[in-house]
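Report on the following structure.
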2 protein chains.
Amino acid sequence: MTFDAIDKKLLQLLQNDSKQTNKELSNKLNLSVTAVFERIKKLENNGVINKYVALVKKEKVEKSFVAFCHIKLSQHIQEYVVQFEKEVTNLTEVLECHHISGDYDYLLKVMVKDMEAFREFMVEKLTNINHIGSTHSMFVISEVKSTTAIPI
Amino acid sequence: MTFDAIDKKLLQLLQNDSKQTNKELSNKLNLSVTAVFERIKKLENNGVINKYVALVKKEKVEKSFVAFCHIKLSQHIQEYVVQFEKEVTNLTEVLECHHISGDYDYLLKVMVKDMEAFREFMVEKLTNINHIGSTHSMFVISEVKSTTAIPI
DNA sequence: ATTTACACTGAAAATTTTTCCAATATGACC
DNA sequence: GGTCATATTGGAAAAATTTTCAGTGTAAAT
């Protein structure tokens with residue numbers, strides 16, 4: 001699909017606050033409520049807007065400890081790759097898993113309660129997955145910026 | 001605040017789909033609509049739920065290229081740190097910036113159109129920030145998993 | 001036993017979303 | 001430039017949802 005300037009503005013607004021009413025949005029966009037409604041439906045139907053979610057503050061739910069884990073597979077056999085990706089996806093502590101270029105194969109974002117919980121995660125879950133060659137972990141000291149809003 | 005099992009379930013549901021009506025939620029939780037409403041309000045007022053957002057599919061808005069950039073500062077003077085963090089926060093291409101342990105000081109998640117746009121971002125924006133010592137970039141080959149839902 | 005605090009329910013009120021229709025704009029084609 | 005087909009818009013009505021409210025039940029504290 002194709003976007004005009006209003007669609008872009010609308011996406012920016014919804015990426016920052018999806019609980020705004022169509023009336024509020026119509027004011028900000030100088031449109032009628034129906035026009036806003038139709039534009040949003042179009043963005044949803046075309047898959048531009050993927051889903052609507054509530055973002056939870058990790059400190060409030062005892063998941064303040066964030067780590068990034070580099071992972072190298074022992075061998076790059078397709079069967080191993082598929083199995084690793086499947087198993088890592090099933091771990092709820094792993095919020096993100098990216099297959100990346102460079103010295104390691106994967107970069108994971110892991111969220112747990114504290115260092116102790118992380119140790120447990122590594123020992124009992126992550127390194128239990130087959131075919132992992134080596135890992136290297138980096139711990140988040142402070143979160144400088146974190147947004148889900150894609151620049152549009 | 002303190003959570004019971006219903007609050008946890010509610011947070012899980014809202015982290016995956018915040019557009020569900022309270023009636024739908026009330027069915028899944030075996031509660032009245034009002035009870036759901038009040039629990040959600042409590043979670044919002046206590047800052048557990050931070051915000052509600054629309055998640056946009058990056059492929060649909062021509063931002064398919066994702067990179068992680070390691071950054072080392074030239075010196076760790078507080079003034080440099082503060083200035084770097086402020087300037088990097090202002091870059092819309094940078095969705096995340098984490099101060100991390102390890103060989104580098106920061107890990108950035110960057111989202112742009114393609115490799116060409118990334119080159120431009122590096123040359124014209126990122127390395128224009130003062131006090132950067134060195135950088136090391138990793139490119140995302142494929143996204144194995146990506147969620148905003150914190151395990152609760 | 002009484003009070004207090006808190007979460008719950010169901011119904012009513014307020015607001016928002018969604019539908020519907022007519023009017024207007026837009027773009028392709030002649 | 002004019003005409004057709006298509007898409008977008010605005011306003012009003014209908015449908016659905018959110019929000020408020022009053023009353024009930026439960027558990028802890030006095």
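Remember, predicted model here, so these are calculated numbers, not experimental data.
Separating the CG atom in A:Asn128 from the CE atom in A:Met122 is a distance of 11.5 Å, to the nearest 0.5 Å. In this structure, OG in B:Ser18 is found 8.5 Å from CG in B:Leu55, a value given to the nearest 0.5 Å.
Distance B:Leu10 CG to C:dA7 P: 14 Å, rounded to the nearest Å. Atom CD of A:Gln20 is separated from atom P of C:dT15 by 18 Å (rounded to the nearest Å). Distance, A:Asp7 CG to D:dA7 P: 15 Å, rounded to whole Å. Counting to the nearest Å, the C1' atom of D:dT17 and the CG atom of B:Asn27 are 14 Å from each other. B:Leu31 has its CG atom 6 Å from the P atom of C:dC8, to the nearest Å. Atom CG in A:Leu29 sits roughly 15 Å away from atom C1' in D:dG10 (whole-Å rounding). D:dA7 atom P lies 15 Å from atom CG of A:Asp4, rounded to whole Å. In this entry the distance linking CD1 of A:Ile6 with P of C:dA25 reads 14 Å, nearest Å.
A heavy atom lying under 4.0 Å from DNA chain C marks the following residues of residues 32-42 of chain B, by number: B:Ser32, B:Thr34, B:Ala35, B:Glu38, B:Arg39, B:Lys42.
B:Phe3 does not carry B:Lys8 over the face of its six-membered ring by the limits of under 6.0 Å from the centre and within 45° of the normal.
For the pair A:Ala117 and A:Val112, the tightest heavy-atom approach, listed with the atom from each and the gap, is CB-CB, 4.0 Å. In terms of heavy atoms, A:Val36 sits closest to A:Ser26 at CG2-CA, 3.6 Å.
For A:Phe68 and A:Phe139, the ring centers sit 6.0 Å or farther from each other.
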